[in-house]
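To start, the structure itself, in structure tokens.
Side chains are part of it too, since the values below use all heavy atoms of this structure and drop only hydrogens, waters and symmetry mates.
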Amino acid sequence: MLNWMISRIVLAVALSMLACFGRAAEPLKIGMVAPLTGPQAETGPYQIQGAKLAVEEINKAGGLLGRPIELVVEDDQATNPGVVLAFSKLGGDKDIPAFIGPVFSTQIHAIAPDIQRIGKPVMIGGTDPQLTHMGNPWLFRFRPNDTYSARVIADYGVNTLRKKKWAIVYSTEAFGTNGMKNLVEALKGLGVEPALVQGYTKNSQDFTPVAFAVKQSGADVMGTYMIVGPDQAIFARQLRQLGINIAWVGSPTTVATTVLKLAGPALYGSYAVSDFAADSSPAAKEFAAKYEATYKSAPDFQGAWTYDAVHVLALAIDNAKSLEPQKIREAILSVKDYPGVEGTYNFDQNGDGLHGYNIVKNDNGKIAFIKHIDFNE
């Protein structure tokens, strides 16, 4: 009788341990929205590839809290209705503790109420400064915001290139409009009043009127905030066709991999602010080599920010030793001096992790790193 009872107890303990190990081996899900279809579907694969590369590295090192990470991706169609639907699907999964959100600011605004309602951390790539200043404690930005990009564009154009007659061209959605306003303000701080401030509707097919406006302004330098890759490529080609070859300092889209392929020589000689530059740090250089070896393509900021987002999120969860949203949030905000591929992360209480940009130049198709500018305030 005693032996039988002991056998039952041993069996019960063994089954309990197996259940625990089985649970431990279940994947730890991270939700992600990205454009797989729609008007900017070309950016989706880069974002997903960057995130997957980070997931693979973490899993090879033993996973997170003893569990392998599983990336669960939903197509946001690069539209506001699409991202609301995609995030709703992910948000309904109680086993997902955190998310990789959109790179487009308008989409983040669209899902911000749902993010606040769900109450779980969302890593974002949108650069509209307002995103982390509207009282939503669950947004964590993995790219520098556009107050920094505007200051770097203005400073480099005025103080390094020595150009004072500016044309500003921008897309009239949230990203472009906020970038334009910040650039106008930054130039005024340097004593410069733009000769031209010209908006356009994204996904345009003909930029001839915009190019003519730039030519007629007499500007000797141009600053641009253009969100759609094909827009930038078409505009660049039409500028050159009209013989306009003024200095150009653009937002990060100017050096996006897809834009470089589409525009070709039309963008040679242009400058850009870029949160990712392969030669900006040892971490960036190592990431670029891994990414190219894995995907046979050069990386850009689209894959760089998601790679950093997954790694920092994993670090925060590991430090918190918990999947409780508030503990993860506190752990992310505690990240200091983390050497990411986009830069060194020091999260402030608003959820902004980066506070500067790289200046790069398109040197006959090769992106050359010039310098990094960080802001302490």
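Under the 3.5 Å distance criterion, the side-chain polar atoms of Asn145 are left unmatched by any main-chain donor or acceptor of Asp128. Looking at Ser274, its side chain never comes within 3.5 Å of a backbone N or O of Pro252 through a donor-acceptor pair. In terms of modelled atom types and a separation under 3.5 Å, the side chain of Tyr295 and the main chain of Gln49 share a donor-acceptor contact. A donor-acceptor pair under 3.5 Å is absent between the side-chain atoms of Arg237 and the main chain of Ala266, judged by distance alone. A donor-acceptor distance shorter than 3.5 angstrom exists from the side chain of Arg329 to the backbone of Pro137, with no hydrogens or angles considered. The main-chain N or O of Gly199 is never found under 3.5 Å from a side-chain atom of Thr172 such that the two would form a donor-acceptor pair. Formation of a donor-acceptor pair under 3.5 Å by the Asn362 side chain with backbone atoms of Ser270 is not found in this model. For Glu70 (side chain) and Leu28 (main-chain N/O), no donor-acceptor pair under 3.5 Å exists by modelled atom type. Side-chain atoms of Ser204 do not come within 3.5 Å of backbone N or O of Phe207 as any donor-acceptor pair. The closest donor-acceptor contact from the side chain of Thr306 to the backbone of Gly303 lies under 3.5 Å.
Using bins of under 30°, 30° to 60° and over 60° for the plane-to-plane angle, the ring pair Phe347/Phe140 lands in the perpendicular bin.
Each of Val55 and Ile96 belongs to its own hydrophobic cluster when Ile, Leu, Val, Met, Phe, Trp and Tyr are linked at side-chain heavy-atom distances under 4.5 angstrom. Cluster annotation: Val103 and Ile48 are assigned to the same hydrophobic cluster (Ile/Leu/Val/Met/Phe/Trp/Tyr, side-chain heavy-atom contacts under 4.5 Å, transitive). Leu85 and Leu90 sit in two unconnected hydrophobic clusters of ILVMFWY residues. Membership requires side-chain heavy atoms under 4.5 Å apart, directly or through other members. Val312 and Trp138 fall into different hydrophobic clusters, defined by Ile, Leu, Val, Met, Phe, Trp and Tyr side-chain heavy atoms under 4.5 Å apart, directly or through other members. When hydrophobic clusters are built by joining Ile, Leu, Val, Met, Phe, Trp and Tyr residues whose side-chain heavy atoms come closer than 4.5 Å, directly or via intermediates, Phe104 is not grouped with Val255.
Judged as a salt bridge (charged side-chain N to carboxylate O under 4.0 Å, His left out), and not counting sequence neighbours, Arg162 has no contacts. Annotation: salt bridge (charged side-chain N to carboxylate O under 4.0 Å, His left out) contacts of Asp93 (sequence neighbours excluded): Lys29. The side-chain hydrogen bond (donor to acceptor under 3.5 Å, both in side chains) check on Gln40 picks up nothing, with sequence neighbours excluded. The side chain to side chain contact (heavy atoms under 4.5 Å, CB included) test applied to Leu315 returns Asn319, Val335, Tyr338, not counting sequence neighbours. Under the ring-ring contact (aromatic ring centres under 6.0 Å, His included) criterion, His311 pairs with Tyr307, sequence neighbours left out.
Using a 3.5 Å distance cut-off with no hydrogens or angles, the side chains of Asp75 and Thr37 do pair a donor with an acceptor. Defined by atom type and a distance below 3.5 Å, a donor-acceptor pair is present between the side-chain atoms of Asp348 and His355. For the residue pair Thr127 / Asp146, a side-chain donor-acceptor distance below 3.5 Å is found, with atom types taken as modelled. Side chains of Ser297 and Glu292: no donor on one and acceptor on the other come within 3.5 Å. In this structure, a donor-acceptor pair under 3.5 Å is absent between the side chains of His109 and Asn80. Inspection of the Glu324 and Ser322 side chains reveals no N or O donor paired with an N or O acceptor under 3.5 Å. Side-chain contact annotation: Asp275 with Tyr357, donor-acceptor N/O pair under 3.5 Å absent.
Annotation: side chain of Asp308 is not in contact with side chain of Met123 (no heavy-atom distance under 4.5 Å). Residues Val249 and Met222 fail the side-chain proximity criterion, which asks for heavy atoms closer than 4.5 Å. Between Ile115 and Phe87, some side-chain heavy-atom pair lies under the 4.5 Å cut-off. Contact check for Val210 versus Lys215: no side-chain heavy atoms found under the 4.5 Å cut-off. Side-chain contact between Tyr46 and Thr257 is present, with heavy atoms from C-beta onward closer than 4.5 Å.
Closest heavy-atom contact between Ile108 and Leu139: CG2-CD2, 4.2 Å. Scanning all heavy atoms of the two residues, the minimum distance from Phe301 to Thr253 falls at CE2-N, 4.2 Å. Closest of all the heavy-atom pairs between Thr254 and Leu267 is O-CD1, 3.7 Å. Contact detail for Gly50 and Tyr291: the closest heavy-atom pair is N-CE1, 4.1 Å. Residue Ser217 comes nearest to Ala195 through the heavy atom pair O-CB, 4.1 Å, listed as atom of the first residue, atom of the second, then distance. The nearest pair of heavy atoms linking Ala219 to Trp166 is CB-C, 3.9 Å.
Lys290 has a carboxylate O that lies under 4.0 Å from a charged side-chain N of Glu286, or vice versa, which qualifies the two as a salt bridge. Using a cutoff of 4.0 Å between basic side-chain nitrogens and carboxylate oxygens, Arg141 and Asp352 are scored as salt-bridged. Between Lys366 and Asp363, no side-chain nitrogen of the basic residue sits less than 4.0 Å from a carboxylate oxygen of the acidic one, so the salt-bridge criterion is not met. With respect to Lys165 and Asp220, no salt bridge is recorded, no charged nitrogen being found less than 4.0 Å from a carboxylate O.
Between the CG atom of Leu36 and the CG atom of Asp76 there is a distance of 7.5 Å, given to the nearest 0.5 Å. Note that CG of Leu262 and CD1 of Ile234 are 8.5 Å apart. Values are rounded to the nearest 0.5 Å. Note that the OG1 atom of Thr224 and the CG atom of Asp231 stand 11.5 Å from one another [nearest 0.5 Å]. Separation of atoms CD1 (Ile317) and CD1 (Ile328) is listed at 4.5 Å; rounding is to 0.5 Å. Of the inter-residue distances, the one linking Ile227 atom CD1 with Tyr170 atom OH reads 14.5 Å to the nearest 0.5 angstrom. Taken to the nearest 0.5 Å, the CE atom of Met180 stands 11.0 Å off from the OH atom of Tyr225.
Checked against the 6.0 Å centroid criterion, the rings of Phe235 and Tyr200 do not qualify as a close aromatic pair.
For residues 180-198, there are no side-chain hydrogen bond (donor to acceptor under 3.5 Å, both in side chains) pairs, not counting sequence neighbours.
Heavy-atom neighbours of Lys120 NZ from other residues, nucleotides or ligands within 6.0 Å: above the threshold of 12. Crowding of Lys321 atom NZ: a count of heavy atoms from other residues, nucleotides or ligands under 6.0 Å exceeding 12. Other residues, nucleotides and ligands place no more than 12 heavy atoms under 6.0 Å from the NZ atom of Lys94.
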Query - Glu173/Ser171 under side chain to side chain donor-acceptor pair (under 3.5 Å): CA gap, chis, key distance, verdict - result: CA-CA 6 Å; Glu173 41 59 65; Ser171 57; 2.3 Å; yes

